[in-house]
Amino acid sequence: MKKHFFANWKMNPRTVVEAENLLKMYHEGAGEIDGKKIGLIILPPFVFLPGLIEKNKSNKIEFGAQNCFWEKEGAFTGEISPYALKNAGANYVLLGHSERRRILGENNEVINKKVKAALKERLRVILCVGESSLSAEQADKGYLEIKEQLSAALAGVKKPDLKDIFVAYEPAWAISTVPGAQAESLDDVLSSILYLRKLLGEMYSRDVAQKAKIIYGGSVSSQNAAEYFSQDGIDGALVGGASLNGSEVIKMLKEIVK
Ligand code: PGA
């Protein structure tokens with residue numbers, strides 16, 4: 001099955017010129033991959049999206065946003081609609097990221113509304129779920145948290161729409177900018193992904209669970225990317241910090257196609 005590499009630039013870089021220079025490095029990286037086997041998706045800040053889409057020279061690179069609102073248009077100051085994103089050339093939207101949950105107070109109910117609104121506009125959704133702390137995981141509470149996040153975010157989402165969803169399993173404590181963070185061990189990632197498939201099986205069907213696209217995020221770099229990408233059960237990665245370094249991106253793409 002095709003694997004996907006999502007580059008979550010977060011609130012980086014600082015300027016249009018820097019964003020365009022980074023895109024140039026992605027063009028070089030895209031040369032390393034077979035577009036039929038690896039999807040390469042950049043999720044830049046909103047303001048850079050249209051400009052980067054216009055400057056994009058590779059048919060192997062697609063774009064998405066890091067958030068959206070749940071209404072199509074109207075009096076919602078400061079928000080961006082999925083309709084406008086699609087119209088601007090985005091094909092994907094990242095929803096439920098732990099930084100938005102933690103810093104901006106996004107809850108499962110809000111995330112659910114966004115997921116449904118994005119799917120309605122035929123945006124593909126990268127839905128982040130993951131335990132909020134290492135202590136929760138160690139106390140075996142991590143699975144409870146994941147279950148709650150997944151079932152709430154997908155409430156009312158119909159089976160055929162699952163083909164447009166990527167579930168990103170991303171334990172918040174493994175994100176590289178969190179003090180003391182390290183990537184989750186391959187075994188633990190595999191068990192959590194298996195658990196997510198089991199949940200999807202219970203919520204939908206075995207077929208959905210088997211076909212579901214589930215990726216991993218949390219301190220992925222050129223040191224470990226190949227390890228995750230080589231596993232049948234892992235359909236790709238959501239990469240934050242390392243996706244801001246052009247040479248690192250090229251290295252990762254080289255590693256995962258080896
Ligand atoms: P990281 O971030 O790769 O820097 O750990 C991943 C993410 O937050 O999506």
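Both ligands and their constituent atoms are indexed starting at 1 by order of listing.
- In terms of the salt bridge (Lys or Arg N to Asp or Glu O under 4.0 Å) criterion, Lys24 has no residue partners (sequence neighbours excluded).
- Within the 4.5 Å cutoff, side-chain heavy atoms of Lys72 are placed close to those of Glu121.
- At distances below 3.5 Å, not a single donor-acceptor pair connects side-chain atoms of Glu32 with backbone N or O atoms of Val257.
- One N or O on the side chain of Asp235 and one on the backbone of Ile214 form a donor-acceptor pair closer than 3.5 Å.
- Once rounded to the nearest 0.5 Å, the distance linking NZ of Lys198 with OG of Ser191 reads 12.5 Å.
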When you check ligand 1 against the protein, what N or O pairs turn up below 3.5 Å? List the atom names and distances, or just say none.
{"unit_1": "ligand 1", "atom_1": "2 (O)", "unit_2": "Lys10", "atom_2": "NZ", "d": "3.4"}
{"unit_1": "ligand 1", "atom_1": "3 (O)", "unit_2": "Gly240", "atom_2": "N", "d": "2.8"}
{"unit_1": "ligand 1", "atom_1": "4 (O)", "unit_2": "Ser176", "atom_2": "OG", "d": "2.5"}
{"unit_1": "ligand 1", "atom_1": "4 (O)", "unit_2": "Gly241", "atom_2": "N", "d": "2.8"}
{"unit_1": "ligand 1", "atom_1": "5 (O)", "unit_2": "Ser176", "atom_2": "N", "d": "2.7"}
{"unit_1": "ligand 1", "atom_1": "5 (O)", "unit_2": "Ser219", "atom_2": "N", "d": "2.7"}
{"unit_1": "ligand 1", "atom_1": "8 (O)", "unit_2": "Lys10", "atom_2": "NZ", "d": "2.7"}
{"unit_1": "ligand 1", "atom_1": "8 (O)", "unit_2": "His97", "atom_2": "NE2", "d": "2.7"}
{"unit_1": "ligand 1", "atom_1": "8 (O)", "unit_2": "Glu170", "atom_2": "OE1", "d": "3.4"}
{"unit_1": "ligand 1", "atom_1": "9 (O)", "unit_2": "Asn8", "atom_2": "ND2", "d": "3.2"}
{"unit_1": "ligand 1", "atom_1": "9 (O)", "unit_2": "His97", "atom_2": "NE2", "d": "3.1"}
{"unit_1": "ligand 1", "atom_1": "9 (O)", "unit_2": "Glu170", "atom_2": "OE1", "d": "3.2"}
{"unit_1": "ligand 1", "atom_1": "9 (O)", "unit_2": "Glu170", "atom_2": "OE2", "d": "2.9"}

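- Gln149 places a side-chain N or O within 3.5 Å of a backbone atom of Gly130 that can act as its donor or acceptor partner.
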